[in-house]
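Atoms within a ligand are numbered from 1 in the order they appear, just like the ligands themselves. Heavy atoms only: backbone and side chains are in, while hydrogens, waters and symmetry mates are out.
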Amino acid sequence: MNSNEPQSPSEFWEDRYQSAEQIWSGKVNRVLEEVAGSLPPGTALDLGCGEGGDVVWLARRGWAVTGIDISPTAVERAAAAADAAGVGGRVEFVAADLTTLPAGRYDLVTASFLHAPVGVELPRIAILKQAAERVAAGGHLLVTGHAAFPPWADVPDHEYEFASPQEEIELLGLGDQWEVLAAELRPREATSPSGEQTTLEDAVILLRRRH
Ligand SMILES: C[S@@+](CC[C@H](N)C(=O)[O-])C[C@H]1O[C@@H](n2cnc3c(N)ncnc32)[C@H](O)[C@@H]1O
């Protein structure tokens, strides 16, 4: 994740998606599958939904899902994936910057790998604070991120530090109406760009808003 010249987030991400027909696997992220698999379907908001793998999985399980992403190309692909999966009627996609979220409350607000390369602006904590306000009483906020750069990344560690799940919860400063269900690192099997199998760690925060 390296960037020499500053680029606006919308330019960066739109260029990134236009650089290839598909960027991500199209599959649900493992942590979301594990967490939401045991929740009753309701309404969900996916922050930085990319090409829609998580949105489509949730919709297939009966959730009514809104996916937001800054890249119009990503959102188009996500909508096409939802149509192809036959769940187009249960999803809505918005091409927008997450710094302004739509009104409304959701049973689940989820963000999977809401990160940006070094040099591309992303006010992650401010976005997650706003997102927490969109969680309905009794609902969940699930944030899954990288715990560290993968071994193949060409960014020296000292250029960027990932907050631990506990540190991120403290940065969110959400108060006692929130119950912490998980703040932990979870291992995930991954394949490097050169095809080697490796184990990465995901940083996971799962919070529930008390009634
Ligand atoms: C690493 S990708 C993860 C995509 C998807 N959640 C997944 O797990 O496959 C990060 C996503 O966040 C989006 N994003 C980054 N900054 C954003 C912002 N300010 N507003 C909306 N989306 C943003 C990017 O366009 C990109 O699709």
Query raised in the report: So which protein heavy atom does atom 19 (N) of ligand 1 come closest to, and at what separation?
Result: D97 OD1, 3.0 Å
Report task. Would you kindly specify which portion of A96 sits under 4.0 Å from ligand 1, judged on non-hydrogen atoms: side chain, backbone, both or neither? Result -> backbone
Query raised in the report: Are the charged groups of E168 and R124 less than 4.0 angstrom apart, N to O?
Result: yes
Query raised in the report: Is the side chain of D69 donor-acceptor paired with the backbone N or O of V75 at a distance under 3.5 Å, no angle test?
Result: no
Report summary line: Checking heavy-atom distances from atom 14 (N) of ligand 1 to each of I70, N29, I68, the winner is I70
Report task. Just jot down the ligand 1 atoms closer than 4.0 angstrom to any heavy atom of L114, in number order. Result -> 12 (O)
Requested in this report: Give the single entry among G48, C49, S25 that approaches atom 12 (O) of ligand 1 most closely by any heavy atom.
Outcome: G48
Query raised in the report: Only one of T144, D202, D54 forms a side-chain hydrogen bond (donor to acceptor under 3.5 Å, both in side chains) with S112, so which one is it?
Result: D54
Report summary line: min-distance protein heavy atom vs atom 20 (N) of ligand 1 -> L98 N, 2.9 Å
Requested in this report: Report yes if some N/O of T99 lies less than 3.5 Å from some N/O of ligand 1; otherwise report no.
Outcome: no
Requested in this report: May I ask whether D69 has any heavy atom positioned less than 4.0 angstrom from an atom of ligand 1?
Outcome: yes
Query raised in the report: Does any N/O atom on S112 come nearer than 3.5 Å to any N/O atom on ligand 1?
Result: yes
Query raised in the report: Has the side chain of R105 got a donor or acceptor atom that lies under 3.5 Å from a matching backbone atom of A137?
Result: no
Requested in this report: Taking the six-membered ring of W57 (Phe, Tyr or Trp), confirm whether the NZ or CZ of R30 is under 6.0 Å from its centre and within 45° of its axis.
Outcome: no
Query raised in the report: Can you tell me which residue and heavy atom of the protein come closest to atom 24 (C) of ligand 1, and the distance to 0.1 Å?
Result: W13 CD2, 3.3 Å
**Report entry** Check: T191/Q197 side-chain N/O donor and acceptor closer than 3.5 Å
**Finding:** yes
Report summary line: Ranked by distance from atom 16 (N) of ligand 1, the top protein heavy atom is L122 CD1, 3.4 Å
Report task. Only heavy atoms count here, so choose which of Y17, W24, F113, F12 is nearest to atom 26 (C) of ligand 1. Result -> Y17
**Report entry** Backbone of L58 reached by a side-chain donor or acceptor of R90 within 3.5 Å
**Finding:** no
Query raised in the report: Does I23 offer a backbone N or O that forms a donor-acceptor pair with the side chain of E51 under 3.5 Å?
Result: yes
